[in-house]
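Take a look at the structure set out below.
Positions are given from 1, in the same order as the sequence printed here.
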Amino acid sequence: IRLFINNIEVITMNNLTIRQTFKYLFIYILLIKFGILAYFVLITTMGLELSYVQIAISNILFSIIPTVYLLKKFKIDWKKDLKIRKIPIEQYIYLIIIAFLFQPICWGLGVLVAELSNVEPIRAYKFSFDSFIYFMIFSNIITPIIEEIWFRGLLFQKMKHIGNIAILINGVIFAIAHLILVQSSYTLLLGILCCYVFYTSKSLMAPIFLHFVHNSLQNLPENNYTETYYQFIRNPIYIIPFMVLLILLMCYFSKKDNKI
């Protein structure tokens with residue numbers, strides 16, 4: 001973290017270039033992935049149990065602290081620079097519907113890619129008090145805020161001048177950053193969705209909320225999903241109606257008064 005901090009130049013959001021944005025994003029990804037991995041190795045080497053508390057500590061050290069420091073160092077204003085502004089109530093309802101329609105698509109893609117690549121699909125976790133608290137606070141709330149600040153609030157805003165292709169590129173970068181093939185299969189679409197709602201709403205609150213609802217649905221304990229559901233999403237034909245509804249809904253709201 002010290003090396004990360006020492007290499008930060010004195011810049012602001014206004015003079016932050018796309019090259020510098022990629023540079024700091026790359027450093028952040030290294031921190032969040034390899035820093036946490038090194039922390040886990042250290043914990044196990046010391047003979048300590050790797051619990052959700054330890055995972056939470058690693059997130060604070062390698063994700064939250066560097067991000068907060070960067071925002072302070074860049075003198076980034078939450079409203080002016082990151083565009084974190086209030087959105088109408090109807091937009092929250094719209095984003096919830098999008099998140100629910102996206103779930104079968106998300107799980108279906110994950111299962112399909114897992115089967116094609118012959119790896120174990122990502123499934124929901126077993127419920128416990130520690131796991132519930134961790135996923136509620138860190139995965140469902142903090143992670144969406146941090147990731148949307150980096151990928152939409154910073155990166156996408158520095159890329160949007162190149163046109164609509166910036167939405168696709170941002171989604172690809174977001175997927176690559178997750179490193180896990182199965183997870184990247186649907187985070188590509190999630191990144192595109194978040195970019196789209198940010199672009200149309202002009203508020204980072206929209207993708208943060210969409211990301212929050214998505215993660216909350218993803219992180220429901222496994223006893224909330226039946227084997228019938230997993231069998232259902234394995235068939236791509238059943239996913240197509242959800243994709244059509246999702247596209248139609250997004251087109252409708254994007255044209256309505258030029259808002260979401």
Side-chain angles (χ1 to χ4, degrees), residues 1 3-32 59-89 91-92 94-95 98 137-138 140-178 187 190-215 254 257-260:
I1 296 176
L3 291 174
F4 173 62
I5 293 173
N6 290 339
N7 279 288
I8 296 178
E9 303 167 10
V10 180
I11 53 178
T12 64
M13 184 67 173
N14 291 332
N15 59 23
L16 180 67
T17 66
I18 182 65
R19 184 175 179 179
Q20 289 171 321
T21 305
F22 271 110
K23 170 186 171 183
Y24 295 122
L25 178 60
F26 179 71
I27 296 173
Y28 166 75
I29 293 173
L30 289 179
L31 272 177
I32 193 67
N59 276 270
I60 294 172
L61 290 175
F62 299 103
S63 178
I64 299 175
I65 292 178
T67 300
V68 171
Y69 183 88
L70 257 162
L71 295 179
K72 185 178 179 181
K73 188 71 175 180
F74 289 173
K75 298 179 180 179
I76 292 177
D77 184 85
W78 291 78
K79 289 185 178 180
K80 179 182 177 182
D81 298 322
L82 294 180
K83 308 294 190 295
I84 298 181
R85 304 162 180 165
K86 292 181 180 180
I87 58 176
I89 297 297
Q91 290 187 15
Y92 286 108
Y94 157 68
L95 293 169
I98 284 184
I137 296 176
F138 287 91
N140 297 353
I141 299 175
I142 295 177
T143 295
I145 294 174
I146 297 293
E147 290 187 346
E148 292 310 314
I149 286 175
W150 277 101
F151 288 94
R152 260 60 71 178
L154 293 174
L155 182 60
F156 178 67
Q157 288 203 86
K158 292 300 177 179
M159 294 175 59
K160 63 183 181 181
H161 67 278
I162 66 176
N164 292 336
I165 191 66
I167 294 177
L168 176 60
I169 295 174
N170 190 277
V172 171
I173 295 172
F174 186 61
I176 293 173
H178 283 77
T187 51
L190 177 62
I192 292 174
L193 276 176
C194 287
C195 272
Y196 182 79
V197 298
F198 180 40
Y199 180 77
T200 53
S201 69
K202 306 297 186 294
S203 171
L204 195 65
M205 185 61 71
I208 287 175
F209 183 74
L210 174 62
H211 203 150
F212 158 73
V213 178
H214 166 78
N215 280 17
S254 64
D257 298 328
N258 293 321
K259 296 180 180 179
I260 293 184

Report task. Would you check if L82 and I76 make a side-chain contact, meaning some heavy-atom pair closer than 4.5 Å? Result -> yes
Report task. Decide side-chain contact (heavy atoms from CB on, under 4.5 Å) for I146 and N59; before the verdict, give the C-alpha distance in whole Å, the side-chain angles of both, and the deciding distance to 0.1 Å. Result -> CA-CA 11 Å; I146 297 293; N59 276 270; over 6 Å; no
Query raised in the report: Do the non-hydrogen side-chain atoms of K83 and Q157 ever get within less than 4.5 Å of each other?
Result: yes
Query raised in the report: Partners of N140 by side-chain hydrogen bond (donor to acceptor under 3.5 Å, both in side chains), sequence neighbours excluded?
Result: N219
Query - Pairwise distance CZ(F138) to CG(N215) - rounded to 0.5 angstrom - result: 14.0 Å
Report task. Name all residues meeting the side-chain hydrogen bond (donor to acceptor under 3.5 Å, both in side chains) criterion together with K160; count only those two or more places apart in sequence or in a different chain, and write none if there are none. Result -> none
Query raised in the report: Say you draw a straight line from CZ of F74 to CG of L154; how long is it, rounded to the nearest 0.5 Å?
Result: 7.5 Å
Report summary line: side-chain contact (heavy atoms from CB on, under 4.5 Å) filter on L168, not counting sequence neighbours, yields I165, V172, I192
Report task. Using the test salt bridge (charged side-chain N to carboxylate O under 4.0 Å, His left out), find all partners of E148 that sit at least two apart in sequence or belong to another chain. Result -> R152
Query raised in the report: Below 4.5 Å, heavy atoms only, C-beta onward: do L155 and I173 meet side chain to side chain?
Result: yes
Report task. Taking the side chain as every heavy atom from C-beta outward, state whether F156 and L204 have any pair of such atoms under 4.5 Å apart. Result -> no
Query raised in the report: Taking the side chain as C-beta and beyond, is there a heavy-atom pair between L71 and I149 under 4.5 Å?
Result: yes
Query raised in the report: Got a second to check how far K23's NZ is from F26's CZ, nearest 0.5 Å?
Result: 12.0 Å
Query - Residues in side-chain hydrogen bond (donor to acceptor under 3.5 Å, both in side chains) contact with S63, at least two apart in sequence or another chain - result: Y28
Requested in this report: First locate atom CZ of R85, then atom NZ of K79, and finally report the distance between them rounded to the nearest 0.5 Å.
Outcome: 9.5 Å
Query raised in the report: Does Y199 have any ring pair (Phe, Tyr, Trp, His ring centres under 6.0 Å) partners at least two apart in sequence or in another chain, and if so, which?
Result: none
Query raised in the report: Side chains of W150 and I29: closer than 4.5 Å at any heavy-atom pair?
Result: no
Report task. With L95 as reference, evaluate V197, I208, L193 under the side-chain contact (heavy atoms from CB on, under 4.5 Å) test and give the passing residue. Result -> V197
Report summary line: SG of C194 to CD of E147, rounded to nearest 0.5 Å, is 9.0 Å
Requested in this report: Give me the one residue out of L31, I32, L61 that meets side-chain contact (heavy atoms from CB on, under 4.5 Å) with P66.
Outcome: L31
Query - Least distance between heavy atoms, M159 atom then A166 atom - result: O-CB, 3.5 Å
Query raised in the report: Between S201 and A206, which heavy-atom pair has the shortest distance, and what is it?
Result: OG-CB, 3.3 Å
Query raised in the report: Mind checking whether F212 and I141 have side chains closer than 4.5 Å, heavy atoms only?
Result: yes
Query raised in the report: Tell me, do K158 and F22 make a side-chain contact under 4.5 Å, heavy atoms counted?
Result: no
Query raised in the report: Rounded to the nearest 0.5 Å, what separation is found between the CD1 atom of I18 and the CD atom of Q20?
Result: 10.5 Å
